Structures are given as C-alpha cells and as structure tokens.
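Just so you know, these numbers use all the heavy atoms, side chains as well, and skip hydrogens, waters and symmetry mates. Quick caveat, the model's predicted, so the values are computed rather than measured.
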Amino acid sequence: MKQPIEIDTFRKYSFLSSPAFAPDGSQVAVLVKKAKANAYTSDIFVMSCEEKRLRRLTFAENVRHFTWLKNNTLLYACPDGDSTQFFTVTGDAPAPAFSLPLKTLQAAALNEHRLVILAEYRIPGKANAPDAAYDVFDELPFRWNAQGLVNGVRKRLYFYDIPEDRLTAVTGEDFYVGNLTTSPWNLSVNERYLLFIGQRMDGVQKTYPGLYSYDIGTGSLRCHLADGQQKVELAQLIGDDAIVTTTPGREFGACQMPEFYRLNLQSGEMSLLHHYEYSTGAAITTDSTLGGGFTNVSANGVVYFTTMNGHSTCIRTIDLNGHLSDSLTPAGSVNSFDVSQSHIAYVGMFGSRLQELYLDGEQVSFLNEQIQTDFSISTPVMQTSRRTGGEEVTGWVIPPVGYQAGKRYPGILNIHGGPHAAFGPTFFHEMQVWANAGYFVFYCNPHGSDGRGNAFGDMRGIYGTIDYEDIMAFTDAVLNSWPDIDPDRLGVTGGSYGGYMTNWIIGHTDRFKCAVSQRSISDWANSEWVSDCGFQRNAAKMGASALEDFEKVLWHSPIKYAANVKTPTLFLHSYEDYRCHHTQAIAMFTAIRQRGIDSRLCIFKGENHELSRSGKPENRISRMTELLNWMDKYLGQPAQS
C-alpha cells in the first residue's frame, strides 16, 4: 500500500538545477539540493554521457555555483563569510584552489587560466552595514525580496587570473550588471565579448536595464540599447553577432512579450528576426523546485532557449536567419538545461513526476524515483471553461486520493501568482498534500496567464474583472463536471497575485466557505510605495499609477470591498516579504476582523516572498499546517453519500 504525501514529505525530495557539460561534452554535472534539519544542502553530482550513471561528486553541502574549466576540471564555489572559497575537482578528489574577497554569483571560464566572475559589490560608505545603529537610504529600490537591503549594493563583473591571483574589475561601482530580478545566469561569454544587460545607477533604478557588450581585447564597454527604454529577456552571442529578445511594448506595454532581433556587435545594427508572443526563461508554476541554471544557451551556431507555450515549457532554437525550430522536448516543464556539440541535458518535470535529469530525452537520474513508486500521487485531469463572451480557459482537477464516485468531497480552488505565470499538470507538492488529505483540488490559467500570447496576457487596467470572471466560470465548470464536489464546502487560496485574487473574491462573493490569502496585495496604492518594485510595477503592469489616478487604483484594490466580506479568512505572510509587504495582509485582516469575521493572521519571521517554495523547511511545514487546519476547520473531512 502506498504512503500518503504529507506536509513534510518534501523533505525526501531531491531538487535538481544548473546542468552543465564539460568542455569536451563527455560529462554533465548538476546541482542537487535536499532539505536537512532546517536548511538545504547543495552538492554536485556528475554523469558520464557514455555510461549514463549519476554519482555524487562533492560532500560540501553548501556549493553555491560551479563551472567547467577548459581542461575538463570542475571548479566550484562555497561561501566563506563575506568571501568565496573555490575548489577544483579532477577525478574524485576536491582540492582548495583559491579564495576571493567577494560574494560570487557566477563564474565562467575564458580559458583554463582566466575567469569572468559576477559578484556582489558593496560601495563603501553607501551600503548599509549590518551592525549600524540606523540605516540610510538614498536609492530606489533600497531593499529587495530575498536580497535584503540593497542600497549601494551592485552586481559587478570581474576578471580573475588564476596563476597570478589577480582580480580586475570590469564594470564600475556606479554600474549594475543585470537587475535585481535577473538571474545571475544571464551572461553570455565567448573568446572576444561579454554580453549582458545592466544600467548606470543614478539613484532610481530604471524598470528596464540596457544592453551592453564588453570587448575583451580592447577593454571597451559599448551600449547597444540604452537604459530604461526596452525590456530585454535573452541575449546570446554567436560570433560577432547576437540574438536578443526585446520589445518597445508599443501595443501591449509592459505586458508585451519580447521579439527576436539580430544584433551585430561591430556595427551596432539590429534587425527583427522573428515576431514572437511567448515568454522565454519561464517555467510552469510549482513549489517543488530549488535553484537556477541556464534557460538560454548559444551553441552549434544557434541559440537554444526555454519558452512557455500554453501550459508547457519546452526548449526551442532560433538561428541568425530567424528560423525557429519546433519543440526539442516533450510536453512538461524544463527548468534549466545545457548543450554540447552532440547532446542536450535538461532538468525537467514531466507528467506527475518530480524533477530528474534528462539526456537527449532519456531520463538518466532517478533521485526521486522512490516518491513515484512509494507515495500516492493523484493525476490531474484537464478541465476547460469559458466565461460569457470570453476565451477558453484551461485548468485541471486533482481528485482526492482514494476517490470513490458517489461520495461527497470538499474542494479547494487554487490561484497562481503572477498573473504572468501558468499552472500545468506538473507535480505540485502542496496540492498533492490536499488531495491526499481528502480534497478535490482545482486550478486554472485565467486571463493574464503566460503562454497564451500578448492579448490574453494583457492585464493593464482590468485586474479583478475578466480574470475574476474566468475563475468563477471555471469553478462552475468544475462543479458541473464533478458532481461529487460539495458546492457548500469550497475553499479558495492563492499566493501573490493569487493572494490578491483571493482577497478580491471574498469581497465579491460568499460562495466559498473559507479562504486562505497568502503573500497578498490588498491595496494597490499602498503597495506602489511599500513594495520593493511597486514604484516600477504598478503603472507598468496595472496601467495606472496611484499618483496620477488614485480612484482607478483604489477601484482595483480588495480593501475597497472589505465591508462586503463574510468569508472566514486566514492570512499567511512573511515579515521580509518586500514584494508584497506584510502590511497588505495586516490591512485586510484588520478590516474584516473588526467586523467580527473569523480571521487569523500568521506572519513568519526570517522569511520572504518565497516561503512556500524555498523557505526554511520548518517554516514551510508550519505554513502548510496552518493552511490545511483552516480548510479542515471549515470544510471538514469528506462525507459519505
């Protein structure tokens, strides 16, 4: 008999990320993280592409990142206070290599003796010291979710010559490589150039960084797209050219997906390669991944990239002539990947399976196989719906484990974040916990979700309207298709945008017997000024700024409708959530609790917006326990027919 998936079962999962080939393509390495005590370990596993047998290479438990040197030596980094200790591995024996007085984020080999390194840099006298009596801020943003206080903190490029132990700064202290939301893996390197996004800081970080190249031979830095003008998602070198995704957003503003362009680094000329309406680098929403890795790679004369189309994230290629390939991977969710001359290795989630490593489409790791064989996993069933006059919406229903037709069961509606994100049939730990606890679980991709093109994803000025109608129509369709779901025992939950929508729902209907609002927004105006990115996000994504149209912003804020709430609601938040500040939950909780509505507010210490996905294991367990207890309290256990 299989074991139920319970709240703490995620402690048994292996989380894979950052696959990378050795220079000759004979081996591939991957980072593997696991929960241990109240933290996560991180070590490197390696596999021969011929033998296809994965083995653990390091036992450091705190590997931050790694790269391959040109001689097939693996170089990895471990944090050491404010410094980083590097080690090399040839064969099976790690050996200390060198130490750098930096918090490094990424390293790439130019040759066997020289590295390019991306690292955190704290400007003396400007970055706030941890032991200071008070903090001083003169930049926006001055704090960032999961990064803490970032006033005077930069991401900076360096060269490091290993034999000479010489560290040389490439970018100045007034320059920020990437931006706060950019993965540190977004750096393209070849023998002649470095290509990256970034911007010169003038006190207020621009919404969009510019695009820059650095000529390694001449030491010259060149701007190809000026700071603040256009969104850039992908930039990869192919010789003296590059393929870039960018858009001026003329039709859909910040909701428009970047298109493919060809850039000649010598002439600076850019030309449109391919009109495209889907995001690059995104993956299907889940709570069962940790870590990053490459989501775009230049190899074999083309650029490989991940892209979301519908409810699947796959790998495709594009060449310098604009030819776009079909998907190179099956339906599912590719999280990160790498390419050699003859192989593609990727970490992905397919069907109801947890992450594994795949080589050329073949599963070559089995680190989570025990979960698949020993535990009860309920398979999601696709469900479609359509609001009156609207587009078809795709979603899924997860039946309770042990489901028997004719019995009546409670149901939980789950709403994803974003809203520019997407659910799929991908394994989702929390929803499997609910199904194992006896609940129907249902979820969908309403208007605003990723993977459906620009028009479907455009949410400017319409939050709480057609997205709300989509979700309610989907709920109706689920109840019609699954008559064993008790319509009088429905709960609703969601996080981030899903938390916003939960707050909106309870102010506009009382059809749900209880709600759990997670890391939510209740007041868009306040969020514009207290969220780490609110001063950039609200006007761009909502289509209105509180400074220019306060009434419009207030109309879309759930707090305006708090007097209508009758639904008992649990609020889950984190004190260090700077994306959706915890005062958003406090405001909504206070507004409904003072009216006598049964409510509960839990704010986690030492956690941020990522609590449900990468929070400390004990806090993740406590959060899920609070949520499930609230659902049990109001929805009860499944009743017999």
Side-chain angles (χ1 to χ4, degrees), residues 1-13 286-288 351-352 354 371-383 395-416 423 425-444 471 474-495 498 502 505 511-518 567-570 572 598 600 602 612 620-641:
M1 184 175 179
K2 291 193 173 185
Q3 304 173 53
I5 291 180
E6 298 179 322
I7 288 173
D8 63 350
T9 305
F10 75 91
R11 286 184 171 278
K12 301 178 184 293
Y13 302 166
T286 179
D287 60 353
S288 301
S352 295
L354 282 156
I371 304 301
Q372 309 300 143
T373 59
D374 294 354
F375 287 82
S376 298
I377 298 174
S378 183
T379 303
V381 179
M382 183 177 286
Q383 172 77 54
W396 292 265
V397 177
I398 303 178
V401 171
Y403 166 62
Q404 297 178 38
K407 293 184 178 181
R408 299 284 274 175
Y409 296 85
I412 299 175
L413 166 66
N414 194 21
I415 306 170
H416 68 61
F423 276 139
T426 305
F427 184 95
F428 203 111
H429 170 69
E430 187 170 59
M431 290 197 275
Q432 290 295 330
V433 170
W434 303 338
N436 274 266
Y439 289 90
F440 269 94
V441 184
F442 52 102
Y443 54 97
C444 67
I471 293 169
F474 178 75
T475 300
D476 292 337
V478 168
L479 295 178
N480 184 62
S481 298
W482 297 85
D484 290 329
I485 302 176
D486 188 344
D488 294 325
R489 291 193 295 158
L490 297 181
V492 59
T493 187
T502 299
I505 285 171
R511 72 182 299 179
F512 296 94
K513 194 165 185 180
C514 68
V516 181
S517 173
Q518 306 175 61
T567 308
T569 304
L570 167 68
L572 299 173
D598 190 15
R600 181 176 171 90
C602 303
S612 66
R620 290 180 69 175
I621 290 169
S622 295
R623 172 195 153 273
M624 284 191 280
T625 300
E626 288 282 350
L627 190 155
L628 191 55
N629 285 348
W630 192 260
M631 295 294 182
D632 286 346
K633 176 181 178 180
Y634 285 97
L635 307 183
Q637 294 304 308
Q640 302 296 319
S641 59

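- The ring pair (Phe, Tyr, Trp, His ring centres under 6.0 Å) test applied to Y634 returns W630, not counting sequence neighbours.
- With sequence neighbours excluded, the residues that form a side-chain hydrogen bond (donor to acceptor under 3.5 Å, both in side chains) with K633 are D598.
- Between M382 and P425, the closest side-chain pair of non-hydrogen atoms is not below 4.5 Å.
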Run the numbers on F428 and H416 for side-chain contact (heavy atoms from CB on, under 4.5 Å), then give the verdict.
-> CA-CA 12 Å; F428 203 111; H416 68 61; over 6 Å; no

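- Residues satisfying the ring pair (Phe, Tyr, Trp, His ring centres under 6.0 Å) criterion with W396, sequence neighbours excluded, are H311, Y443.
- A distance of 4.5 Å separates CE of M631 from CD1 of I412, quoted to the nearest 0.5 Å.
- In this structure, CH2 in W434 is found 5.0 Å from OG1 in T493, a value given to the nearest 0.5 Å.
- In this structure, L628 CG and L570 CG are separated by 11.5 Å, a value rounded to the nearest 0.5 Å.
- Closest approach of P4 and N436 over heavy atoms only: CA-OD1, 3.2 Å.
- For N414 (side chain) and M431 (main-chain N/O), no donor-acceptor pair under 3.5 Å exists by modelled atom type.
- Side-chain contact check for Q383 versus S481: some heavy-atom pair is nearer than 4.5 Å.
- Contact check for R11 versus R620: no side-chain heavy atoms found under the 4.5 Å cut-off.
- Put simply, the side chain of V401 does not reach to within 4.5 Å of the side chain of K2, judged on heavy atoms.
- With sequence neighbours excluded, the residues forming a side chain to side chain contact (heavy atoms under 4.5 Å, CB included) with D486 are R408, D488, R489, listed by chain and number.
- T9 has its side chain out of reach of Q432: every pair of non-hydrogen atoms, C-beta onward, lies at least 4.5 Å apart.
- We find the CE-CD distance between M624 and E6 to be 11.0 Å, quoted to the nearest 0.5 Å.
- Judged as a side chain to side chain contact (heavy atoms under 4.5 Å, CB included), and not counting sequence neighbours, the contacts of T379 are S352.
- Counting non-hydrogen atoms of other residues, nucleotides and ligands closer than 6.0 Å to CZ of R511 gives a total above 12.
- Side chain of H429 to backbone of I7: a donor-acceptor contact under 3.5 angstrom is found.
- With sequence neighbours excluded, the residues that form a ring pair (Phe, Tyr, Trp, His ring centres under 6.0 Å) with F440 are Y403, Y409, W482.
- Counting heavy atoms from C-beta on, the side chains of I377 and I5 come closer than 4.5 Å.
- Between I485 and L490 there is a side-chain heavy-atom pair separated by less than 4.5 Å.
- Between G494 and T502 the shortest heavy-atom distance is N-OG1, 3.4 Å.
- Within the model, atoms CG of L413 and CD1 of I471 stand 6.5 Å from one another, a figure rounded to the nearest 0.5 Å.
- When the options I415, T567, T475 are evaluated for a side chain to side chain contact (heavy atoms under 4.5 Å, CB included) with I505, the one that passes is I415.
- Side chains of I398 and Y439 form no contact here, defined as non-hydrogen atoms less than 4.5 Å apart.
- Nearest approach of S612 to D287, heavy atoms of both residues: O-CB, 3.8 Å.
- Residues S288 and L354 approach most closely at CB-CD2, 3.8 Å, considering heavy atoms.
- Put simply, OG on S622 and CG on L627 are 12.5 Å apart, with the number rounded to the nearest 0.5 Å.
- Taking all atoms of both residues into account, the shortest heavy-atom contact from P487 to L479 is CB-CD1, 4.2 Å.
- Between G438 and P400, the shortest heavy-atom distance links the atoms C-CB, 3.7 Å.
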